[in-house]
J.: 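Have a look at this one before I ask anything.
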Amino acid sequence: MATIKPFKGIRPPKQYVEEVESRPYDVLDSEEARAEAGDNEKSLYRIIKPEINFEPGTSEYDPRVYEKAAENFKKFQEKGWLVQDDKEQYYIYAQTMNGKTQYGLVVCAYVDDYMNGSIKKHELTRRDKEEDRMKHVRVNDANIEPVFFAYPDNAVLDALIMRYAKTEPEYDFIAPIDGFRHQFWIIADDNDIATVTAEFAKMPSLYIADGHHRSAAAALVGAEKAKQNPNHKGDEEYNYFMAVCFQASQLTILDYNRVVKDLNGLTSEQFLSALSKNFDVVEKGTEIYKPQQLHQFSLYLDGKWYCLTAKAGTFDENDPIHVLDVDISSRLILDEILGIKDLRSDKRIDFVGGLRGLQELKRRVDSGEMRMALALYPVTMQQIMNIADSGKIMPPKATWFEPKLRSGLVIHKLSNAD
């Protein structure tokens, strides 16, 4: 069962929300954050990308940077740009992209659920990235940014959310960078709070969609605090971390595509011939061609698009990893033909998130920077849940969730509020 609880969120008064809110810390670099924050002293980047408070070139891992994050978090509260709610409650966070809205419940997830595997992951984490986020959680004594979970579809929760969605939201704005709409409601009614808690308690698992490093860091700091507290009882605020939980069927996963610098010494003709061993190869001409279904790929080479369809027997329908298009393309194209063994470290390959479109693949090949591009059909949320349930790990660079959560709408403090 999934244990969750309401919490006293720390969040901006309505009139400040658009000045405070930001993109997540890991989708932009220091200079982009510096430019976006500009001279706005209320920007959350001053807490989540605190290196922008120093001279350009300052390392984001400099000890002074973490201290500045805590200093600014304190300042935001003192100035009234962030204010703690009086009551423990849940929140609803809706995002609208291209006319489609997904509704998330903002809750506190249970550290022990992460540790015992009830909160399921599908990606490996890197210790250096975990440690960076752990330092950030420790120094602020708070989860400044939420993690992004999925839960199995639930009719009771869906009805409750839709009831709130018909009322006026607390926040409602279009984010300037992506043009997506973001709305936010407060669930303060005790009966509704009890319903949310009870419905989650019926779920065997929650699934990390995005934010594996933040999830690991939040849970590890919570466990660390439990060990350090001689009077630990188990109900302290640090036993929980903030997550936005969406119904799995509502989530949009975009394609995550590949561009490669060379053909491993092959001519274009030799490469296409090698592909025909495991794929049906059909030339599609010069117009951009997008894969139409699972196990179909688009190849861009020498100004032409090709449709590649994996032949029967090249993947195992009963294996949650081997049936994935990211695995098929990695095994049969990148590894077998091009000699790219490690997607994480090989410098001959790069990755392009689907929001940029296939036009970006064409551009990078036409410019001469890359020799060929490979577009994949998006992974489905069901595939991710199957992998997480099996205890296996997704191949790297497999999922691109969009829209990203905005940060700064609500924050969870780890020390029990007065």
J.: Before we go on, tell me: are the rings of Y91 and F7 under 6.0 Å apart, centre to centre?
T.: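 Yes - the distance between ring centres of Y91 and F7 falls below the 6.0 Å cut-off.
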J.: V83: what forms a side chain to side chain contact (heavy atoms under 4.5 Å, CB included) with it, not counting sequence neighbours?
T.: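 Partners of V83 under the side chain to side chain contact (heavy atoms under 4.5 Å, CB included) test: P13.
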J.: Can you check whether D128's main-chain N or O pairs, donor with acceptor, with E131's side chain at less than 3.5 Å?
T.: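 No, because the side chain of E131 does not come within donor-acceptor range (under 3.5 Å) of the backbone of D128.
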J.: Can the ring centres of F246 and F148 be said to be less than 6.0 Å apart?
T.: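 Yes, ring centres under 6.0 Å apart.
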J.: Just by distance, with hydrogens left out, do S330 and D335 show a side-chain donor and acceptor under 3.5 Å apart?
T.: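 Distance-only check fails for S330 and D335.
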J.: Rounded at 0.5 Å granularity, tell me how far CD in E60 sits from OH in Y25.
T.: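 Taking CD in E60 and OH in Y25, the distance rounds to 9.0 Å.
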J.: Between K100 and T252, is any side-chain donor less than 3.5 angstrom from a side-chain acceptor?
T.: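 Present: a donor and an acceptor within the cut-off.
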J.: Going through the distances and angles, do H412 and Y240 end up as a side chain to side chain donor-acceptor pair (under 3.5 Å)?
T.: CA-CA 9 Å; H412 169 238; Y240 298 85; over 6 Å; no
J.: Give me each pair satisfying salt bridge (Lys or Arg N to Asp or Glu O under 4.0 Å) with a member in residues 293-314, each pair once, sequence neighbours excluded.
T.: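 Salt bridge (Lys or Arg N to Asp or Glu O under 4.0 Å) check on residues 293-314 returns E283-K304, D302-R371.
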J.: Answer with yes or no whether the side chains of T58 and E51 bring together a donor and an acceptor at under 3.5 Å.
T.: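 No donor-acceptor contact under 3.5 Å links the two side chains.
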J.: Using the rule given for side-chain contact (heavy atoms from CB on, under 4.5 Å), can you reason through M1 versus M203, listing the C-alpha separation, both sets of side-chain angles and the distance that settles it, and then say yes or no?
T.: CA-CA 5 Å; M1 61 178 260; M203 298 175 194; over 6 Å; no
J.: For F315 together with H295, are the ring centres under 6.0 Å from each other?
T.: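 Here the rings of F315 and H295 have centres that are less than 6.0 Å from each other.
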J.: In this structure, is the centre-to-centre distance between the rings of Y289 and W305 below 6.0 Å?
T.: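 No, the ring centres sit 6.0 Å or more apart.
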J.: side-chain hydrogen bond (donor to acceptor under 3.5 Å, both in side chains) with D350: which of R364, K397, K261?
T.: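 Filter result, single survivor: R364.
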J.: State yes or no: are the ring centers of F279 and F297 separated by less than 6.0 Å?
T.: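 Judged by ring-centre distance (under 6.0 Å), F279 and F297 do meet the cut-off.
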J.: For the ring pair Y207 and Y151, is the centre-to-centre distance below 6.0 Å?
T.: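 For Y207 and Y151, the ring centres are not under 6.0 Å apart.
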